[in-house]
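Computed from a predicted structure; not experimentally measured. Below, read A as the first sequence line, B as the second, and so on, with proteins coming before strands; counting in each chain starts at 1.
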Amino acid sequence: MIKITFPDGTAREYKNGISSLEIAEQISPRLAKEVYAATVNGEIRDLTRPIDHDATLKLHKWEDEAAKHAFWHSSAHLMAEALESLYPGMKFGIGPAIENGFYYDVDPGDERVITEADLQTIENRMKELAAKNLTFSRREVSKKEALYIFKKKSDEYKTELISELADGTITLYTQGNFTDLCRGPHLPSTEPLKAIKLLSVAGAYWRGNEKRKMLTRIYGITFPKQKLLDDYLVFLEEAKRRDHRRIGKELELFTFSQKVGMGLPLWLPKGSDIRQNLINFLTGVLRKRGYKIVTTPHIGNVNLYKTSGHFEKYGADSFQPISTPQEGEQFMLKPMNCPHHCEIYNATPHSYKDMPLRMAEFGTVYRYEQSGELHGLTRVRSFTQDDAHHFCRPDQLREEFKSIIDLILYIFKILNFNDFTAQISLRDPNNKQKYIGSDENWERAEREIIEAAAEKNLETTVVTGEAAFYGPKLDFMVKDAIGRKWQLGTIQVDYNLPERFDLTYNGSDNQKHRPVMIHRTIFGSLERFVAVLIENTAGKFPLWLAPEKAVILPISEKFNDYAGKVLEILNNSDICTLIDERSEKIGKKIRDNELKRIPYLLIIGEKEVENETIAVRKQGEGDKGSMKIEEFVSFINSEIKKEIAF
RNA sequence: GCCGAUGUAGCUCAGUUGGUCAGAGCAGCUGAUUUGUAAUCUGCAGGUCGGGGGUUCGAAUCCCUUCAUCGGCUCCA
């Protein structure tokens, strides 16, 4: 007998060799149908694997990530089986579960192309196979045997993977006629894979290396119930409606022009208003926190970037230098503001007493992004960073860094960005030539970031190889409508640029000392920030950000005069207001202006003229009753003040 | 940049196998209506069907090429 301890602390005895699934069945047959994986002594395993020692056991139902993972991973294998039966000779790369569903990278052979038109066929075959209730069976094999099996299939991708694995750790999973190299875990059988949807095909380089062959990646998702799949598809449809590219067009916020060039956003008046509101708001916050605002040109001499090291690192992949007609000088479009700011630092002498120095600029920068990388406002070739650089003494670094974390959290809170993640990006220690600066500087900087984040109790994930080339960073990521993560705020510790630009300050010992530099943004860029804001709010901006606060809707043209008076009062009170004087019925006017997401609709008819009031309707909420005009003005002002109280 | 898909009026989309296939709704402009909380009615105007080349008696439709966009990959100072 073995003793199994459950998460609630209770323990029961079972016969040795019992599987998690059998335990679930003994608890309740219904439970057995709802579990998809088990954690045995901390290790996630197949439900069908026997347990031969005392253990803790957690059974995973659909709600657990571990269950979804096994479910989707098994789905990937099912898809592979379907593919192999439909397209004999197809070769397989990797097929993991991902955050939402799964994919498989396949090489269909040079003659064959899998397109979205084929997805339905594959999906149908998957359903046929799943209905056969095929069991997934696990087998441990020697490296030699594994290589033999996949060489026989001439599956070079699998043999490459196997050749890198240690002998004794290799497992195969088989369902029906399909066997795959796999660590597992998997479902007991294909039976629960009922609702299946293949979503898209895309190209993906083998092992993520652009020098290697491009495989075909097929994305799909499955659910244990059709209802869950239907809900997911509805969610995707709704997400499409929140897409910032779509709302940007609908609400006339920004546009792109082929003539101007790809990735170069054109901000329309209303979009510009939102930008300006953000800039004004942030500028106010920054001034209170001791920042000095600076302004620098959009181009810089190529030598500036040679000094900073950017030219060596990115010169070939940047917009190429602009040459002057006469003197043979070369200028680059500014790809970042830091070198300019270093030179501003150098323009005046600095004392240790003046530190830290906080220098901010809404700086527009230009970066050459590969054409296939461009994406709405989130990835563009010209964008405005809410950039700042803190120059501080080494002993101030920790506090300075922590104050920036506070600032970012504060701004995110005001904007209701609650669903963000923080990521610490370190350099790849096996690939040091990608970075500039000494090991000592890097180690110091990485330690500072890790410790500062820890002191702020910030929940972070650590990723190696994602650092900037001059220093490690702490990034704040926010998701868009369909769950893609975008980096917004970033804080980067840099010991390298101060050396390259020979930045100094006089210490109390009257000696020259080297300051530490912190690069930071909060929004990241106004472009990306507005994009994420649009997707998070579905275009219903908070009042303080809305380009237009209210629209006046006269019930008939008889009331246009009074409406005009109200309009004047509101606009003179700095409440940007429109008027809809069309000879439409009030229902129509309300509908049209609701769809424009203007926060307040002010309806004016006979009663309002008589009482010198306005009938206030809040966008998305309906009638709020009437108010005096002055009352409305102070109401709006107090609402705005509440939103951006600081 | 790479793989795949898409590209028809300002927007959303119809256009079977190449032969009145250049259409609809919304938006716009007209005129009527003068309206009380999410769509009043009338009429008009709008497109060299992304650009270029080709096949054909004939191309939105087939082929080539190019540009852009979308989904990914790679990249992201």
Send over the distance from [X] [atom1] to [N] [atom2], rounded to a whole Å.
{"X": "A/Leu119", "N": "B/G4", "atom1": "CG", "atom2": "C1'", "result": "11 Å"}
{"X": "A/Glu369", "N": "B/C2", "atom1": "CD", "atom2": "P", "result": "17 Å"}
{"X": "A/Tyr305", "N": "B/A77", "atom1": "OH", "atom2": "P", "result": "16 Å"}
{"X": "A/Tyr219", "N": "B/G4", "atom1": "OH", "atom2": "C1'", "result": "12 Å"}
{"X": "A/Met477", "N": "B/C76", "atom1": "CE", "atom2": "C1'", "result": "11 Å"}
{"X": "A/Glu116", "N": "B/G71", "atom1": "CD", "atom2": "C1'", "result": "7 Å"}
{"X": "A/Arg381", "N": "B/G1", "atom1": "CZ", "atom2": "C1'", "result": "11 Å"}
{"X": "A/Ile114", "N": "B/C73", "atom1": "CD1", "atom2": "P", "result": "19 Å"}

Answer with base, sugar-phosphate or nothing: what part of the nucleic acid does [X] contact at a heavy-atom distance below 4.0 Å?
{"X": "A/Ala202", "answer": "base"}
{"X": "A/Val365", "answer": "nothing"}
{"X": "A/Met262", "answer": "sugar-phosphate"}
{"X": "A/Ser318", "answer": "base"}
{"X": "A/Lys434", "answer": "nothing"}
{"X": "A/Ser200", "answer": "sugar-phosphate"}

Heavy-atom donor-acceptor pair, [X] side chain to [Y] backbone, under 3.5 Å:
{"X": "A/Lys313", "Y": "A/Lys434", "value": "yes"}
{"X": "A/Glu621", "Y": "A/Lys618", "value": "no"}
{"X": "A/Lys628", "Y": "A/Asn611", "value": "yes"}
{"X": "A/Ser318", "Y": "A/Gln320", "value": "no"}

Any A/His375 side-chain nitrogen or oxygen under 4.0 Å from OP1 or OP2 of B/U69: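 No, no such contact exists.
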
Output yes when at least one side-chain N/O atom of A/Arg484 is less than 4.0 Å from OP1 or OP2 of B/G71, else no.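 The answer is yes; a side-chain N or O of A/Arg484 sits under 4.0 Å from OP1 or OP2.
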
Side chains of [X] and [Y] only: does a donor on one sit below 3.5 Å from an acceptor on the other?
{"X": "A/Gln120", "Y": "A/Asp118", "result": "no"}
{"X": "A/Thr613", "Y": "A/Ser626", "result": "no"}
{"X": "A/Asp317", "Y": "A/Tyr368", "result": "no"}
{"X": "A/Glu548", "Y": "A/Thr577", "result": "no"}

Please indicate yes or no: is the ring centre of A/Tyr470 less than 5.5 Å from the centre of the six-membered base ring of B/A77, with the two planes inclined by under 30 degrees?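 So no, this residue does not stack on that base, at least one cut-off failing.
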
Between [M] and [N] - [atom1] atom distance, rounded Å:
{"N": "B/G10", "M": "B/U20", "atom1": "C1'", "answer": "28 Å"}
{"N": "B/U8", "M": "B/C13", "atom1": "C1'", "answer": "9 Å"}
{"N": "B/G51", "M": "B/U6", "atom1": "C1'", "answer": "16 Å"}
{"N": "B/C41", "M": "B/G28", "atom1": "P", "answer": "15 Å"}
{"N": "B/G58", "M": "B/G72", "atom1": "P", "answer": "43 Å"}
{"N": "B/A39", "M": "B/A45", "atom1": "P", "answer": "29 Å"}
{"N": "B/G31", "M": "B/C49", "atom1": "C1'", "answer": "32 Å"}
{"N": "B/U16", "M": "B/G7", "atom1": "P", "answer": "12 Å"}

Can you check B/G18 for me, syn or anti if syn means within 90° of 0?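 Anti, angle beyond 90° from zero.
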
Nearest-nucleotide wise, let me know which of A/Leu215 and A/Gln385 is further upstream toward the 5' end of RNA chain B.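 Nearest-nucleotide comparison on RNA chain B picks A/Leu215.
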
I want to confirm an ordering. Mapping A/Leu374 and A/Gln487 to their closest nucleotides on RNA chain B, which one lands closer to the 5' end?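 Counting from the 5' end, the first nearest nucleotide belongs to A/Leu374.
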
For nucleotides 35-43 of chain B, 5' to 3', base contacts (B), sugar-phosphate-only contacts (S) and non-contacts (-) with protein non-hydrogen atoms under 4.0 Å give BBBBBB---

Nucleotide nearest A/Arg217 when distance is taken to its side chain, options B/C67, B/A77, B/C73: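 Output: B/C73.
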
Which of these nucleotides, B/C76, B/C67, B/G72, is closest to any side-chain atom of A/Met214?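 For A/Met214, the side-chain atoms sit closest to B/G72.
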
Quick check: do A/Ile436 and A/Phe469 have side-chain heavy atoms less than 4.5 Å from each other?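 With C-beta onward as the side chain, the pair touches.
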
Once Watson-Crick and G-U wobble pairs under 3.5 Å are found, how is RNA chain B written in dot-bracket notation, 5' to 3', with | for any base paired to another strand? (((((((..((((.....[...)))).((.((.......)).)).....(((((..]....))))))))))))....

What about A/Tyr205, does its side chain sit under 3.5 Å from the base of B/G1 through a donor-acceptor pair?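 By the distance-only test, yes, there is a pair.
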
Do A/Arg379 side-chain and B/C76 base share a donor-acceptor contact under 3.5 Å?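 Side chain to base: pair found, below 3.5 Å.
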
What verdict does the ring pair (Phe, Tyr, Trp, His ring centres under 6.0 Å) test give for A/Tyr470 and A/His519, after you've listed the backbone C-alpha separation in whole Å, the side-chain angles of each residue and the deciding distance to 0.1 Å? CA-CA 11 Å; A/Tyr470 49 75; A/His519 309 245; 4.6 Å; yes

Flag the pair A/Asp502 and A/Arg514 as a salt bridge only when some basic side-chain nitrogen lies within less than 4.0 angstrom of an acidic carboxylate oxygen.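 Salt bridge present between A/Asp502 and A/Arg514.
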
Please check if the distance between the ring centroids of A/Phe223 and A/Tyr232 is under 6.0 Å.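 Between A/Tyr232 and A/Phe223, which both carry aromatic rings, the centre distance is below 6.0 Å.
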
